[in-house]
Amino acid sequence: MPLPKMPSKPASLLSPEDYPKAERNKPVKPNITLVETPAPAKTEAVAVTAVAVPVAKVAEPRARVPGKSALTEKPKAAPKSAETRAKSTTSRIADKLGVSKLFVLDTNVLMHDPTSLFRFEEHDVYLPMVTLEELDNHKKGMSEVARNARQISRSLDALVSDIAEDAIDLGIPLAKLGNKDAKGRLYFQTKLQNAALPEGLPEGKADNQILGVVRALDQQYPDRPVVLVSKDINMRLKARAIGLPAEDYFNDHVLEDTDLLYSGIQQLPDDFWNKHGKGMESWQESRHGTSFTYYRVTGPYVPSLLVNQFVFIEPKNGEPPFYGQVTQINGKTAVLQTLRDYGHSKNSVWGITARNREQNFALNLLMNPECDFVTLLGQAGTGKTLLALAAGLAQVLETKLYNEIIVTRVTVPVGEDIGFLPGTEEEKMGPWMGAFDDNLEVLNKSDGDAGEWGRAATQDLIRSRIKIKSLNFMRGRTFVNKFLIIDEAQNLTPKQMKTLVTRAGPGTKIICLGNIAQIDTPYLTEGSSGLTYVVDRFKGWSHSGHVTLARGERSRLADHASDVL
């Protein structure tokens, strides 16, 4: 017997009248009717009374949610972004109604981002006393977490410095320190919140005490959405299991969806020259010993382009493809420059030629002395490290544009840590630089006529020009005329990335390599990675460039493993 069709409308709640008394041996069906889900009621502006916590003495009256029932209504289905899907139902409905929320912050949010207090816009922030206790426990040491704990403690001290003791209950304006985007208020837990948690949750644990505070606030202010914000997945799961709204902290995300990340490459439509060729100017210039052709085009497609973005057209009628780079944009007019073909053996870089279109784009950036900052994204085997090393060796040993190559990376282990490593700084970093050793071996074998003695001498020369440095000692340094390669940059936080990029002195080129799908740093995601941060912030700058490498060139085994595993 086939199953009946699913109802197209949600069923209403059953009342006691819908359950008539059944006589013996006679089954009775309840009266079920399908109704439309009621639309959320309109918000009402009410005056807020002066009470001890969140809704106390605010300068402007806030709109409230008319009853808790409005927060439990399901909004109509609509396409949601990644950030909207990450929000709790309470937050989504409050956003739709324009209601100010009260966010209860977990300790890990403050230690992950010390500026998180000021990144909730017009909403209020509530700090339980347990959060302050945990901050105090983590403030000692030289780790990134300890530094963040000390920074947030200093911010809290500056906020409460000139506030009277009896006025803390009324809330502290978060814009007090000059953060104009923070229009809400900061509240501390000044009373013992008594809320019964489900049996079986140990009361002495800090996470459970924070859950108790959230439940108490939820009961105390039924007309206001109270949301727990935590980076701890299990904490959010426990909160939702006991019926409390909880969500991740995603204000540090550069993008809502990493699919929107700038790729550095744009395919032009097939009719591009027909629409943009009217009145086109073209000329040739010689730069760095290479002749380039320039085209000045005007049309409606130009405003969607960015400076240093690569464009290409591959006609299907057998015509030769066009590969170019945007060098200038002025309104609807842009200047396109042809590229040097590094796929040809006569243009090889340290014996390496580009095997696909994206690698050719990357080598044009790496070999361009006018481009000071290059980011390369791509999966394993796309050739990021090999291209960067080959370009560095060619410009250090052949053209002598830079003095030496400096290589660094984040020392985050994939598995169990093997303990302390012996030796000097370079010897300790040796095990982390296995990828560079593999690529150096490939580059050293590219010269087949050198012989064993020649290759050994070349290897010694290369080793003398490559320095391996640790990230721990980068603070305060300045690199002049260096070719700096930052490997595994996806494991860097935006703050660490800023520290590294600002080390660049005159004549220094910085290359960031990474794959945002392989992040090993705790609490760091694809959207909040330092590599995603710099790709988004540097796009369109005339002295930086970015390329996302798509095709793997390592081996057929590695390509198949990337697809099926």
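Here, residue 1 is the first one in the sequence, and each next residue gets the next number. FYI, side chains are in, hydrogens and waters are out, and symmetry mates aren't considered; it's all heavy atoms of this structure.
Counting non-hydrogen atoms of neighbouring residues, nucleotides and ligands closer than 6.0 angstrom, the CD atom of Q496 exceeds 12 such neighbours. Within a 6.0 Å radius of CG in L237, more than 12 heavy atoms belonging to other residues, nucleotides or ligands are found. Enclosure of atom NZ in K139 is not indicated, since only 12 or fewer non-hydrogen atoms of other residues, nucleotides or ligands lie within 6.0 angstrom.
Inter-residue side-chain proximity for L117 and N179 is flagged as unmet; no heavy-atom pair is nearer than 4.5 Å. Looking only at side-chain heavy atoms (C-beta outward), C512 and M497 come within less than 4.5 Å of each other. Within the 4.5 Å cutoff, the side chain of K191 has no heavy atoms near those of the D169 side chain. Using a 4.5 Å cut-off on side-chain heavy atoms (C-beta onward), Y262 and Q309 make contact. Side-chain contact check for I519 versus T525: every heavy-atom pair is 4.5 Å or farther apart. Annotation: side chain of I516 is in contact with side chain of L261 (closest heavy-atom distance under 4.5 Å). Using a 4.5 Å heavy-atom cutoff, the side chains of L365 and F310 are in contact. At a threshold of 4.5 Å between non-hydrogen side-chain atoms, the residues Y249 and D113 count as touching.
A donor-acceptor pair under 3.5 Å is formed between the side chain of N208 and the backbone N or O of P202. Between the side chain of S230 and the backbone N or O of R236, no donor-acceptor pair lies under 3.5 Å. A donor-acceptor pair under 3.5 Å is absent between the side-chain atoms of R215 and the main chain of L244, judged by distance alone. Formation of a donor-acceptor pair under 3.5 Å by the Q359 side chain with backbone atoms of L387 is not found in this model.
For the atom pair OH of Y187 and CD1 of I172, the computed distance is 10.0 Å after rounding to the nearest 0.5 Å. Rounding to the nearest 0.5 Å gives a distance of 8.0 Å between CD1 of I485 and OG1 of T385. Between the CG atom in N108 and the OG1 atom in T131 there is a gap of 9.0 Å [rounded to 0.5 Å]. If you take CZ on F479 and OG1 on T508, they are separated by 8.0 Å, rounding to the nearest 0.5 Å. Between the CG atom of L401 and the CG atom of N481 there is a distance of 8.0 Å, given to the nearest 0.5 Å. One finds the CG atom of L500 at 7.5 Å from the CD1 atom of I510 (value rounded to the nearest 0.5 Å).
Partner of V130 under the side chain to side chain contact (heavy atoms under 4.5 Å, CB included) criterion, out of D207, D106, I210, V213: I210 alone.
Between the side chains of N515 and K384, no donor-acceptor pair is found at a separation under 3.5 Å. Side-chain atoms of H546 and S544 form no donor-acceptor pair, as typed in the model, at a separation below 3.5 Å.
Ion pair D248/K231 flagged as a salt bridge, since at least one NZ, NE, NH1 or NH2 atom sits closer than 4.0 Å to an Asp/Glu carboxylate oxygen.
Taking the six-membered ring for Trp and thresholds of 30 and 60 degrees, H123 and F103 have ring planes more than 60 degrees apart, a perpendicular arrangement.
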